Structure formats: C-alpha cells, structure tokens
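Right, one structure below, let's go through it.
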Amino acid sequence: MDGETEIDRLPIDLLAHIFALINSFTDLAQASSVCKKWKLGVKQSLARRKHLSFAGWKMDDDSTARLVGYAYNLRELEISRSRWDCQITDNGLYRISSARCISNLTSISLWGLTGITDKGVVQLISRTSSLQHLNIGGTFITDESLYAIANSCPQLKSIVLWSCRHVTENGLLILVNNCRKLESINVWGTRVPVDCFIGLLTISPALQIKPEALLLNLGGASMLPVV
C-alpha cells in the first residue's frame, strides 16, 4: 500500500511480540495512540503477560484497572507504592477485581498502598481463589481483611503483614487456622503480643514467622508440644 511504512506491514502478532518487550507504560500508552493497529498490538502484548508490575510508575485507579483488564493471562500482579506515590484507592481495587485474570492470580503485592481500606481489599480478595502469595504490608487493613483472606484463599503459602498495626491476635489466629497451606508470615511491626506466636505455632508448627528475631522472645515456647 502506498505510503505504508515497513513497520505498518508487520502482522499484529509480531507487533504484539515487539510491544511485549517494552516495560514503560508511558511508551505503551503512546504506542497505542498511534493507530488502531498499534492499539490492538499493545492490547495483545498485555494479554500475553504473566507478570505485571507497576512499581516505580505513577499510576491511578483508571490506568491500573485498564491495563490489568487487558492482561487476560496474568499470574503475578504488583501494585506497590513507589517514589512517585501510586494513587490506588478502593475504587481501583473494585475495578481490578472484575478483570478476567483475577481468579487465576497466584501473587499480589499491595505493599504500602495507604489509600486502600478493608472495603477494597475484601472485594479484591473475594475473587482470588488461586492466590498463593500476598504482600499487604504497610497498609491500614484490619482483621476484616484477614477474615476475607482466610475465607477466600485456601492456597495461600505466604503473606506479608509488615507494619499492619491494626491487625490483632484474633485475625492472625483465624488466618493461620483456615489457610492450612500457609508456610510463611511476616508480622514485623504489628502490635500483636508475642504470646500470639505460640498460638500460631500450635496451629501450624512448621510455620515460618518473620522476622525470626521475634521467636527469640518466645524462649523455648516454640518447642512446646502440640496437643
């Protein structure tokens, strides 16, 4: 076709492969605005991705939900606070929860997102039955979120609750009791009493409680027989 450039002659599949090599969401957004063919190529490239990380990017509810919605085959999603201050709220989590990939996600990181609450987390978690790894540290969640995780994530293997100061002993006990595949839990900076860890280890003796220095305060408690 007259006036058609070499790159315009590339098939959609090849364009999608090229766009899949681009990690800059700004560049992808610009590419998608070039023409309809490039926009389709960008969408297909996102649909092929198994891992999507917004760490280091200034994102909002709309842009994040839109990109996750394109990523049909996604398995790992990282939405963490960065130096650019990721502006994700409960509204964003609500929209993300309706994406086709959510039920197949095995890993989610919401680290440091201070704009989210139990309301958004519960909505998102209710759709993540395949979840194995969750980082929700540095947020203001309470036991309400832990109850949702306990009820909706039977495959959970690790969880980071770093500095989640509003969770309590009750929430942790229910979480560990329900998530029987849980291998590791990071409770650094929480306000739960040290004795709580005795209860967690009684339920799951092989559970790794991080940081390990916390267990030093238990003395020989971690060696108590399970009854």
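It should be emphasised that the depicted structure is a prediction, and the values quoted were computed from it without experimental measurement.
Here the side chains of Cys101 and Tyr72 are not in contact, with every heavy-atom distance at 4.5 Å or above. Within the 4.5 Å cutoff, the side chain of Ile209 has heavy atoms near those of the Val187 side chain. Side chains of Asn104 and Leu74 form no contact here, defined as non-hydrogen atoms less than 4.5 Å apart. In this structure the side chain of Leu146 never reaches within 4.5 angstrom of the side chain of Asn170, judged on heavy atoms. Annotation: side chain of Leu134 is not in contact with side chain of Val160 (no heavy-atom distance under 4.5 Å).
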Please determine whether side chain to side chain contact (heavy atoms under 4.5 Å, CB included) holds for the pair Leu182 and Leu207, giving the CA-CA distance in whole Å, both sets of side-chain angles, and the decisive distance to 0.1 Å. CA-CA 7 Å; Leu182 193 62; Leu207 181 67; 4.0 Å; yes

List the steps and the verdict of side chain to side chain contact (heavy atoms under 4.5 Å, CB included) for Leu67 and Met59. CA-CA 10 Å; Leu67 290 174; Met59 305 295 293; 3.8 Å; yes

Derivation and outcome, side chain to side chain contact (heavy atoms under 4.5 Å, CB included), residues Leu200 and Leu172: CA-CA 8 Å; Leu200 299 183; Leu172 292 176; 4.1 Å; yes

Begin with the C-alpha distance, continue with both residues' side-chain angles, and end with the deciding distance and a verdict on side-chain hydrogen bond (donor to acceptor under 3.5 Å, both in side chains) for Ser53 and Glu78. CA-CA 5 Å; Ser53 174; Glu78 182 180 2; 2.9 Å; yes

Just do the side-chain hydrogen bond (donor to acceptor under 3.5 Å, both in side chains) check on Ser80 and Ser109 with the steps written out, would you? CA-CA 6 Å; Ser80 302; Ser109 176; 3.0 Å; yes

Might you work through the side chain to side chain contact (heavy atoms under 4.5 Å, CB included) test for Ile116 and Phe140, ending with a clear yes or no? CA-CA 8 Å; Ile116 63 175; Phe140 297 121; over 6 Å; no

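Not a single donor-acceptor pair under 3.5 Å links the side chain of Ser204 to the backbone N or O of Leu201. When atom types are taken as modelled, the side chain of Arg49 and the backbone of Ala71 share no donor-acceptor pair closer than 3.5 angstrom. Judged purely by atom type and a 3.5 angstrom limit, Asn177 has no side-chain atom pairing as donor or acceptor with the backbone of Cys179. Between the side chain of Ser152 and the backbone N or O of Ile149 there is no donor-acceptor pair closer than 3.5 Å. Looking at Asp143, its side chain does come within 3.5 Å of a backbone N or O of Thr168 through a donor-acceptor pair. Remark: side-chain polar atoms of Thr202 are paired, donor with acceptor, to backbone N or O of Ile198 under 3.5 angstrom. No donor-acceptor pair under 3.5 Å is formed between the side chain of Thr64 and the backbone N or O of Asp61. Using modelled atom types, no side-chain atom of Asp60 and backbone atom of Gln87 make a donor-acceptor pair closer than 3.5 Å. Remark: the backbone N or O of Asn73 is paired with a side-chain donor or acceptor of Arg75 at under 3.5 angstrom.
Considering Thr139, Thr142, Asp90 as possible partners of Thr117, the one that fulfils the side chain to side chain donor-acceptor pair (under 3.5 Å) test is Asp90. Of the residues Lys181, His133, Gln132, the one that meets the side chain to side chain donor-acceptor pair (under 3.5 Å) test with Gln155 is Lys181.
Between Gly69 and Ala99 the shortest heavy-atom distance is CA-CB, 4.2 Å. Here the closest non-hydrogen pair linking Ile141 and Cys164 is CG1-SG, 4.0 Å. Shown here for Ser107 and Leu131, the closest heavy-atom pair between the two residues is N-CD1, 3.7 Å. Nearest heavy-atom pair, Glu169 versus Cys196, reported as atom, atom and distance to 0.1 Å: CG-SG, 3.5 Å.
Tyr147 and Asp118 share no side-chain donor-acceptor pair at under 3.5 Å. Inspection of the Thr106 and Ser130 side chains reveals no N or O donor paired with an N or O acceptor under 3.5 Å. Neither side chain, Ser184 nor Gln208, offers a donor N or O lying under 3.5 Å from an acceptor on the other.
Between atom CG of residue Leu52 and atom CG of residue Leu105 there is a gap of 10.0 Å, rounded to the nearest 0.5 Å. Distance CD1/Ile159 to CD/Glu183: 13.5 Å, rounded to 0.5 Å. Put simply, CG on Leu77 and NE2 on His51 are 8.5 Å apart, with the number rounded to the nearest 0.5 Å. Rounding to the nearest 0.5 Å gives a distance of 8.5 Å between CZ of Phe197 and CD1 of Ile185. Atom CG of Leu156 sits about 13.0 Å away from atom CZ of Arg180, to the nearest 0.5 Å. In this structure, the separation between OG on Ser145 and NE2 on His166 is 11.5 Å, given to the nearest 0.5 Å.
Cluster annotation: Val122 is not connected to Leu93 through the hydrophobic network of ILVMFWY side chains, with a link wherever side-chain heavy atoms come within less than 4.5 Å. Residues Ile79 and Tyr94 are members of separate hydrophobic clusters, defined by side-chain heavy-atom contacts under 4.5 angstrom among Ile, Leu, Val, Met, Phe, Trp and Tyr. Note on Ile125: it does not cluster hydrophobically with Ile174, by side-chain heavy-atom contacts below 4.5 Å among ILVMFWY residues.
Between Trp111 and Trp162, the ring planes are tilted. Angles from 30° to 60° get that label.
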